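Note that this is a predicted model, so its numbers are computed, not measured. Note: hydrogens, waters and symmetry copies are ignored here, and every other heavy atom, side chains too, is used.
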Amino acid sequence: MVAGCSSEAGSRRGSVGGSGGSAGTAGAAGAGGTEALDPPTPPTAVTPPPVELPPRPADFSLGPMLGPPGWRQSTEPFCSPWVGNGMFTSLWSTPEAVYVTVGIHCYSLIDGAPQEYCSAPGGASESLFVNRGEGWQAIHHYTDVAEIRNFGVQGDALLSFGRESGSCAVGKSTMDGSFDCLGGRPIAYSTGGLVRGDRVFHLGTDSFSDYSLSRFANGEWSEVKSFERRDHPGVLLDLGGPLLIAGDHGLVVGVDPESGTTQTIAAPLGRYEEGAALPWGYALLSNDASGYKLVLHSAAGWKTLNLPVGDDTKLRAEASSLYVSYGDKLYRVDETGEYELVLELTQARIEDFRVNSDTEIFLSIEYPELQQYQCGRFVMTWFDGNQLHLM
């Protein structure tokens, strides 16, 4: 069964499903683990939203480069379970699997959707799916969760953090459908996370104090380094040795992950909001009075690129290349700052993407024309270096 494309509506509110899995415990990354929340729904019957919509057309196009659907042994395209505006998605990929989180805020469901679709006005519904090259599997579903961002894996368990107030600092979703809030630690606002072996690092604030870079090891959280609220650190990168943290007012520092010792890096003033680490340095998305810009840092120092970027820009690294998404375009940038257009969509935009290699790039695509159909306005694709494929 293609996820979300069953013609039979679920009997439970917001149910999702697929093959395998069992219900986990209440609470999610993005939801307070001690509150009375709906537990994750067992993934047993993937269904579309409880609205009458026709099937997604088979002949819609994302551009002239759209090739035949499929990825490895998976041949049926992904079908997102939620329909309407305000959708949020987050991807993660490894050489073995692709992970997709799909969600929507209740207040943005299409006209006519019953309010009981979400358990509280203004809440949200969110689901996790995985594809190991053999088809899409629904792992679990949560209601009333804040926007989740995936940031790494341990084994085949996906790690994520919730951006908004009341969220679990770091959540660990295992492929049997269960969920663990690492250390049971709540957080008010998260800005970054990364995995290094058996250790997990998180950057965020509890809203009453400064920002904190924290480390989860041996079952416990400990603070590595604190940062003033005014600097609003928004980027956390792994440089192999030190960790890099960047934020407002040109804050760019290297942090020893064990001692917390910091080294300030002279950087252009601005607000750093996105980043990617590469073997030769790192790239940062900066926002200042003149607008958004992309800056590279290498042994040669800082370089500002004349590349179109904005608040929806995302940066991903692969080997020696930097990939940059902006709206309907995907660019590849080398160490010198030279860039080329790799992919341009038609009447669609890139919501999120991940890069395994130059011939295996995964993209979640927003396609507004689809909001009148089952499967919503969101599709999963992969780019093989020449053609874009539904997956």
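- The distance from the NZ atom of K293 to the OG1 atom of T313 is 14.0 Å, given to the nearest 0.5 Å.
- Residue S90 comes nearest to D352 through the heavy atom pair CA-OD2, 3.4 Å, listed as atom of the first residue, atom of the second, then distance.
- A salt bridge links R316 to E274: at least one charged side-chain nitrogen sits closer than 4.0 Å to a carboxylate oxygen.
- Between K225 and G260, the shortest heavy-atom contact is CD-O, 3.5 Å.
- Of the listed residues (H202, R185, E223), just one forms a side chain to side chain donor-acceptor pair (under 3.5 Å) with S214, and that residue is R185.
- Side chains of L305 and V324 form no contact here, defined as non-hydrogen atoms less than 4.5 Å apart.
- Here the straight-line distance linking atom CG of L159 with atom CG of L194 works out to 10.5 Å at 0.5 Å rounding.
- By the rule that hydrophobic residues join a cluster once side-chain heavy atoms approach within less than 4.5 Å of another member, I365 and Y326 end up as members of separate clusters.
- Counting non-hydrogen atoms of other residues, nucleotides and ligands closer than 6.0 Å to CD of E340 gives a total above 12.
- Annotation: side chain of F378 is in contact with side chain of T89 (closest heavy-atom distance under 4.5 Å).
- The backbone N or O of P257 lies less than 3.5 Å from a partner atom in the side chain of R215, making a donor-acceptor pair.
- Here T94 pairs with W92, E96, A97, Y99, V153 under the side chain to side chain contact (heavy atoms under 4.5 Å, CB included) rule; sequence neighbours left out.
- Side-chain contact check for N131 versus F78: every heavy-atom pair is 4.5 Å or farther apart.
- Summarising the geometry of G270 relative to S286, their closest heavy-atom pair is CA-OG, 3.9 Å, with the distance given to 0.1 Å.
- Cluster membership check: Y331 shares its hydrophobic cluster with L322, using side-chain heavy-atom separations under 4.5 Å among Ile, Leu, Val, Met, Phe, Trp and Tyr.
- In the hydrophobic clustering of this structure, L239 groups with V252; members are Ile, Leu, Val, Met, Phe, Trp, Tyr whose side-chain heavy atoms approach within less than 4.5 Å, directly or through other members.
- Here salt bridge (Lys or Arg N to Asp or Glu O under 4.0 Å) pairs that include residues 263-273, with residues two or more places apart or in two chains, are D248-R271.
- Looking only at distances, a side-chain donor or acceptor of H389 sits under 3.5 Å from a matching main-chain atom of P68.
- Counting only N and O atoms by type, the side chains of T101 and N150 include a donor and acceptor under 3.5 Å apart.
- At a threshold of 4.5 Å between non-hydrogen side-chain atoms, the residues M175 and R132 count as touching.
- Between F151 and F161, the ring centre distance stays below 6.0 Å.
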Inset, instruction - Would you check, one step at a time, whether the test side-chain contact (heavy atoms from CB on, under 4.5 Å) holds for D238 with F201? - result: CA-CA 10 Å; D238 191 346; F201 293 87; over 6 Å; no
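- In this structure, L330 and Y323 have side chains that are in contact, with non-hydrogen atoms separated by less than 4.5 Å.
- T191 contributes a side-chain N or O that, together with a main-chain N or O of P233, makes up a donor-acceptor pair within less than 3.5 Å.
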Inset, instruction - Check step by step if side-chain contact (heavy atoms from CB on, under 4.5 Å) holds for Y211 and D231. - result: CA-CA 9 Å; Y211 281 77; D231 291 328; over 6 Å; no
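- Distance check: L388 CG to L345 CG gives 6.5 Å after rounding to the nearest 0.5 Å.
- Hydrophobic clustering places Y339 together with L315 (ILVMFWY residues linked when any side-chain heavy atoms are closer than 4.5 Å, directly or through intermediates).
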Inset, instruction - Evaluate the side-chain hydrogen bond (donor to acceptor under 3.5 Å, both in side chains) criterion for residues S93 and N356: first the C-alpha distance (whole Å), next the side-chain angles of each, then the deciding distance (0.1 Å), finally the verdict. - result: CA-CA 7 Å; S93 67; N356 280 0; 2.8 Å; yes
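- Proximity of a side-chain donor or acceptor of W382 to a complementary backbone N or O of G70 within less than 3.5 Å is detected.
- In this structure, L128 and I148 have side chains that are not in contact, with every pair of non-hydrogen atoms separated by 4.5 Å or more.
- For A319 against P279, the heavy-atom pair with the smallest separation is O-CD, 2.9 Å.
- Ring geometry for W302 against Y282 counts as perpendicular: the plane angle is over 60°, on a 0 to 90° scale with 30° as the lower cut.
- Side-chain atoms of F227 and D210, non-hydrogen and from C-beta on, never get closer than 4.5 Å to each other.
- Interatomic distance, CZ of R56 versus SG of C79, reported as 5.0 Å (0.5 Å rounding).
- Aromatic ring centres of W136 and F129 lie farther apart than the 6.0 Å criterion allows.
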Legend entry - N287 vs D311, side-chain contact (heavy atoms from CB on, under 4.5 Å): CA-CA, chis, key distance, verdict: CA-CA 8 Å; N287 180 17; D311 61 356; over 6 Å; no
Inset, instruction - Check the pair E369, F60 against side-chain contact (heavy atoms from CB on, under 4.5 Å), reporting the backbone distance first and the verdict last. - result: CA-CA 9 Å; E369 291 298 318; F60 80 95; over 6 Å; no
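- For L62 against L66, the heavy-atom pair with the smallest separation is N-CD2, 4.0 Å.
- The CG atom of L236 sits 6.0 Å away from atom CG of L213, with the distance rounded to the nearest 0.5 Å.
- Legend: residues meeting side-chain hydrogen bond (donor to acceptor under 3.5 Å, both in side chains) with E258, ordered by chain and number and at least two apart, are R199.
- A 4.5 Å side-chain heavy-atom check between W280 and T336 finds every atom pair outside the cut-off.
- Remark: side-chain polar atoms of K314 are paired, donor with acceptor, to backbone N or O of E351 under 3.5 angstrom.
- Under the 4.5 Å side-chain heavy-atom criterion for ILVMFWY residues, a single connected hydrophobic cluster contains both L390 and I361.
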Inset, instruction - Go through the steps to decide whether Y292 and D312 satisfy the test side-chain hydrogen bond (donor to acceptor under 3.5 Å, both in side chains), and finish with yes or no. - result: CA-CA 10 Å; Y292 284 91; D312 64 344; over 6 Å; no
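- The two residues S364 and L91 make their nearest non-hydrogen contact at N-CD1, 3.6 Å.
- From E318, atom CD reaches atom CD of E360 across 10.5 Å, with rounding to the nearest 0.5 Å.
- Y367 contributes a side-chain N or O that, together with a main-chain N or O of S61, makes up a donor-acceptor pair within less than 3.5 Å.
- No donor-acceptor pair under 3.5 Å is formed between the side chain of E338 and the backbone N or O of V333.
- More than 12 non-hydrogen atoms from other residues, nucleotides or ligands lie less than 6.0 angstrom from CD of E344.
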